[in-house]
Participant: 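Next up is a structure, given as structure tokens.
Residue numbers begin at 1 in each chain, while the letters A, B, ... track the order of the sequences.
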Amino acid sequence: MKPLRIALTKGRLEKSTVELFENLGYNCDEIHNKGRKLIMNVGDGQFEVVLAKAADVITYVEHGVCDLGVVGKDTILENGTSFYELLDLGFGKCRFALAVKKGYNFYHGYGAKTIATKYPNVTRKFFEGKGMDVRVIKIEGSVELAPLVGLADGIVDIVETGSTLKANNLEVIETVTDISARLIANTASLKLRKKEVEDLVILISNEKH
Amino acid sequence: MKKNIKITPEGMRDYLFKECTAVNYVCRKLKKVFENHQFHQVITPALEFYDLFSNEASGISPESMYKTVDNSGRLIAVRPDSTLPIARLVSTRLQKEAFPVRLYYNQSVYQNNPTLTGRNNEILQMGVELIGSTGKRADLEIITTAVQSLQAVTEDFRLEIGHSMIFNALMRELSADDGTKERIEEYIENKNYSALGDILDSLEQNETVKAIRKLPSLFGGEEVFENAEKIIKSREALDALSYLKELLSSLSTLGLGDKITVDLGLVQKNDYYSGIVFSGFVPGYGDAILSGGRYDNLFDMFGCPMGAAGFAIYINYIAEKARYKSKGNVADVLIFAKEDKDIMSAIAYTEELVSSGVKAQFCVLSDEAQARDFANRLGIKKFEVVGG
């Protein structure tokens with residue numbers, strides 16, 4: 001049997017996922033000593049793990065070259081289209097929030113507001129839900145800068161502790177949505193390898209509780 | 001130099017040599033299955049009026065169509081689907097035919113997919129439509145044809161069967177505004193199960209919401225029916241469920257075991273399908289390679305209501321896999337005419353060899369050294385000179 005191939009989001013989610021696998025009793029030595037390797041074996045040949053940037057995890061899973069993926073809800077909301085979301089893994093918790101300069105009355109007046117963000121789709125959907133027509137500007141780096149220099153009225157970004165916002169005299173005025181890591185599956189893989197995937201899902205759910 | 005003359009538009013590609021052999025091989029196999037079932041081929045135009053596809057029931061989004069205008073300024077779409085043109089054709093030109101009619105097609109459809117996703121925008125498709133009949137016999141005939149088609153072109157596959165009335169009945173019972181319902185439909189059709197979960201969270205939690213949430217996970221063997229009966233309360237949905245059960249037990253005589261399964265979350269083009277729906281999967285490809293179902297309401301828009309069912313198979317991926325098995329077609333012998341006066345006798349000699357079953361090719365080069373080099377590069381083993 002071919003191993004199930006799992007795409008992991010590099011960085012923080014990778015660490016938590018490896019921990020989870022080790023708690024389940026799967027050998028993760030190859031990930032710890034990966035060197036320059038891109039595809040690693042986990043467990044007793046049951047799994048093959050690849051590491052990728054968050055948005056690429058979704059791409060690999062959607063195309064079916066990886067059966068499963070571990071990725072943040074933020075990335076799913078921004079890039080996701082067609083796959084199964086199997087589980088909330090409970091780690092990588094943070095939230096999407098709307099933040100403005102401290103004391104700024106965001107909803108005041110009739111002028112169209114400008115929002116700077118790394119997540120234009122999430123932002124558009126959020127304001128569409130409010131029936132508000134806003135101008136969205138995509139920023140690649142530190143979004144906090146935009147309202148400070150006068151490019152935007154507010155930002156929509158991921159907030160963990162809020163300390164970056166505080167240091168820049170910004171404040172959260174609304175939570176857009178809460179975020180955590182999710183286990184996703186390719187649609188065809190779930191059909192063709194139902195048993196293996198379901199067994200893993202049950203193992204993980206039991207471990208969580 | 002013009003910028004775009006050396007590249008193709010995104011999602012388009014050329015097919016060369018073995019790729020064509022593979023496509024032809026797959027098409028030939030499917031044609032045989034279709035014709036054995038007495039389906040007859042039709043060809044519809046690549047361009048149709050946009051109106052044909054813009055109907056809400058078509059399930060085709062305006063953004064995904066390639067559009068142009070005709071010389072009266074009317075909006076034209078490049079065929080994004082073959083079923084609607086065939087429905088148009090049947091309801092206008094085959095009125096006097098003995099129904100049901102069995103039609104098949106082998107033509108590309110065009111979808112303007114989001115940029116940089118690596119998907120084919122020109123999709124080679126073959127499919128059948130069984131038009132003018134409803135009920136179990138027609139459903140089983142169409143499913144059996146689908147199974148045989150998959151068997152003809154792939155070694156391993158899964159065919160998943162669902163019923164659109166299960167989801168439709170649940171949606172009718174759901175108390176939510178139209179906008180929310182539309183979004184739920186969109187999410188479940190696009191298999192965007194994460195967004196589906198989020199939107200269901202925002203509704204009042206009751207039996208119906210619970211059932212809709214469970215629906216995508218209700219797939220597999222016999223056990224699905226048991227689990228579904230526990231959470232589905234609607235009479236109409238339960239009727240659909242027991243019909244599915246009946247079909248599955250009939251299909252079990254094909255002896256395919258777990259290759260045919262149930263999937264109650266299989267919801268596609270929801271306003272379009274009105275009965276059974278099914279999808280085929282093969283290992284190594286992340287999406288369905290066959291999809292179809294019963295669409296009894298489609299003919300209403302042409303003013304001649306009748307039952308119909310059909311399916312389409314996406315050739316691209318199956319052919320890609322078949323390519324590695326196909327041998328290229330290289331000539332065994334290259335025939336070279338020494339002088340211009342020898343050309344006609346060399347051509348005649350080539351013809352003679354070909355009709356006796358030898359793979360011979362007349363060389364159109366006039367320089368012998370060049371011709372010999374050409375034979376080498378192609379791997380043609382024998383080089384024969386006529387005249388001199």
Participant: To check you understand the geometry: which heavy-atom pair defines the closest contact between A:A116 and A:V143, and what is its length?
Facilitator: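 Taking every non-hydrogen atom into account, O-CG1, 3.3 Å.
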Participant: Would you check if the distance from the ring center of A:Y26 to the ring center of A:F47 is below 6.0 Å?
Facilitator: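 Centroid distance A:Y26-A:F47: below 6.0 Å, so yes.
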Participant: With a 4.5 angstrom heavy-atom cut-off, could you sort out which part of A:I76 is near chain B: side chain, backbone, both or neither?
Facilitator: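 Only the side chain of A:I76 comes within 4.5 Å of chain B.
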Participant: Can you give me the closest heavy-atom contact between A:A97 and A:V159, atom names plus distance?
Facilitator: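 Closest approach of A:A97 to A:V159: CB-CG2, 3.8 Å.
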Participant: Which residues satisfy the salt bridge (Lys or Arg N to Asp or Glu O under 4.0 Å) test with A:E171, sequence neighbours excluded?
Facilitator: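 With neighbours one apart ignored, the set is empty.
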Participant: Sequence neighbours excluded, which residues qualify as side-chain hydrogen bond (donor to acceptor under 3.5 Å, both in side chains) partners of A:E14?
Facilitator: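 By the side-chain hydrogen bond (donor to acceptor under 3.5 Å, both in side chains) rule, A:E14 matches A:K34.
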Participant: Inter-chain polar pairs, chain A versus chain B: which donor-acceptor atoms lie under 3.5 Å apart?
Facilitator:
residue	atom	partner	partner atom	Å
A:H63	NE2	B:T117	O	2.8
A:K73	NZ	B:D198	OD2	3.2
A:S82	OG	B:N190	O	3.4
A:F83	N	B:K191	O	3.3
A:E85	OE1	B:S194	OG	3.2
A:N186	ND2	B:G286	O	3.1
A:K191	NZ	B:E160	OE1	3.3
A:K191	NZ	B:D263	OD2	2.5
A:K194	NZ	B:F219	O	3.0

Participant: Would you mind checking which part of A:I184 comes under 4.5 Å of any heavy atom in chain B, side chain (CB onward), backbone (N, CA, C, O), both or neither?
Facilitator: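 No part of A:I184 comes within 4.5 Å of chain B.
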Participant: Listed by chain and number, what are the side-chain hydrogen bond (donor to acceptor under 3.5 Å, both in side chains) partners of A:H32, not counting sequence neighbours?
Facilitator: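 For A:H32, the residues satisfying side-chain hydrogen bond (donor to acceptor under 3.5 Å, both in side chains) (neighbours in sequence not counted) are A:E22.
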Participant: For A:V71 and A:A54, work out which heavy atoms get closest and say how close.
Facilitator: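 A:V71 and A:A54 have their closest heavy atoms at CG2-O, 3.6 Å.
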